[in-house]
> 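Can you keep this structure in mind? I'll have questions shortly.
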Amino acid sequence: MDSRWGGPDGEFTRSLGPARAREMMRLGSLGVDGLVTALASSSPWLEADPWQTLRSARWHRSEEDQISVGEAFRAHTVGGWHASGHGTRGYLDVGLPADFVVWEVPPGELGGGSRSPLETPGLPRLTPDVSTPRALLTVVGGRTIHESEGALT
């Protein structure tokens, strides 16, 4: 919502006024305060796009409220499960339900950690104007529920 309607000239500022709009979606300051943060889609007002949600958190309009892709990823997975009352979900580990997705990341977009402290090794950079990752394989409870043609070959 911040990437779509935030900022000094955005809908939030026009509707709420500058002071109240600035206080919305203060992601960076929430993390500093040690709160469990959960990100979610703004559906039905916006299309469900988890990677765009992470991108909006990473490239927040207010630089002091930008968070790393890793922090955003944890908030969208572990934090989302925690908010739903399933605090043990959102992790991959031996003995836990095997829910995961294999993603195709655009060339040059896989984070290595050296370009910015907000970059997370192993996760996409989510650079603005670059396509978001595409799901190749989805496994829920150890069972494949989606496979793009040729994903496992």
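What's counted below: heavy atoms across the whole structure, side chains too, no hydrogens, waters or symmetry copies. Fair warning: this is a prediction, and the values are worked out from it, not measured in the lab.
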> Measuring from atom CZ of Arg143 to atom OG1 of Thr138, what distance do you get when rounded to the nearest 0.5 angstrom?
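It is 11.5 Å, given to the nearest 0.5 Å.
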
> Hey, is the main chain of Ala135 close enough, under 3.5 Å, to the side chain of Ser148 for a donor-acceptor pair?
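Checked: pair present.
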
> Closest approach of Ala38 and Gly80, non-hydrogen atoms and distance?
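Closest pair (atom of Ala38, atom of Gly80, distance): CB-N, 3.9 Å.
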
> Taking the side chain from Trp81 and the backbone from His76, do they hold a donor-acceptor pair closer than 3.5 Å?
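Not a single qualifying donor-acceptor pair exists.
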
> Any sub-3.5 Å donor-acceptor pair from Gln66's side-chain atoms to His60's backbone N or O?
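At least one qualifying donor-acceptor pair exists.
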
> Take Phe73 and Leu54 through the side chain to side chain contact (heavy atoms under 4.5 Å, CB included) test and state the conclusion after the steps.
CA-CA 7 Å; Phe73 190 82; Leu54 272 61; 3.7 Å; yes

> Step through the shown structure and confirm whether more than 12 heavy atoms of other residues, nucleotides or ligands are within 6.0 Å of CD on Glu64.
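Atom CD in Glu64 is crowded, with more than 12 foreign heavy atoms closer than 6.0 Å.
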
> Quick one: side chain to side chain donor-acceptor pair (under 3.5 Å) pairs with a partner in residues 6-15, sequence neighbours left out?
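Of all non-adjacent pairs touching residues 6-15, those that pass side chain to side chain donor-acceptor pair (under 3.5 Å) are Glu11-Arg14, Glu11-Ser15.
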
> Following the transitive rule for hydrophobic clusters with a side-chain heavy-atom cut-off under 4.5 Å over Ile, Leu, Val, Met, Phe, Trp and Tyr, establish whether Val101 and Val69 coincide in one cluster.
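Per the 4.5 Å side-chain linkage, Val101 and Val69 are co-clustered.
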
> Gln52: what forms a side chain to side chain donor-acceptor pair (under 3.5 Å) with it, not counting sequence neighbours?
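In terms of side chain to side chain donor-acceptor pair (under 3.5 Å), with neighbours along the sequence ignored, Gln52 is linked to Arg55, Ser56.
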
> In chain order, what residues pass the side chain to side chain donor-acceptor pair (under 3.5 Å) check against Thr77, with sequence neighbours excluded?
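Testing Thr77 for side chain to side chain donor-acceptor pair (under 3.5 Å), a comparison that skips the adjacent residues, returns none.
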
> Side chains of Asp129 and Thr127, heavy atoms from C-beta outward: is any pair under 4.5 Å?
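They are not in contact (no side-chain heavy atoms under 4.5 Å apart), so the answer is no.
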
> Is there side-chain contact between Thr53 and Trp51, with at least one heavy-atom pair below 4.5 Å?
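The answer is no; the side chains never approach within 4.5 Å.
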
> Write down the atom of Leu39, the atom of Ala57, and the distance for their closest heavy-atom approach.
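Closest pair (atom of Leu39, atom of Ala57, distance): CD1-CB, 4.1 Å.
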
> Before giving the answer on side chain to side chain donor-acceptor pair (under 3.5 Å), spell out for His86 and Ser84 the whole-Å C-alpha distance, their side-chain angles and the decisive distance to 0.1 Å.
CA-CA 6 Å; His86 297 86; Ser84 72; 3.1 Å; yes

> Go through Leu137 and Thr144 one step at a time and tell me if the side chain to side chain contact (heavy atoms under 4.5 Å, CB included) criterion holds.
CA-CA 7 Å; Leu137 177 73; Thr144 300; 3.5 Å; yes

> Salt bridge or not between Arg125 and Glu109? Use side-chain N to carboxylate O under 4.0 Å.
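No, Arg125 and Glu109 are not salt-bridged.
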
> Do the non-hydrogen side-chain atoms of Ser68 and Leu123 ever get within less than 4.5 Å of each other?
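Ser68 does not reach Leu123 side chain to side chain.
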
> Do Arg58 and Ile67 have side-chain heavy atoms sitting under 4.5 Å apart?
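Heavy-atom side-chain distance check fails, nothing below 4.5 Å.
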
> Looking at Pro124 and Val105, what are the two nearest heavy atoms and their distance?
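That would be CB-CG1, 3.9 Å.
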
> Has Thr120 got a side-chain atom pairing as donor or acceptor with Gly70's backbone, closer than 3.5 angstrom?
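Present.
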
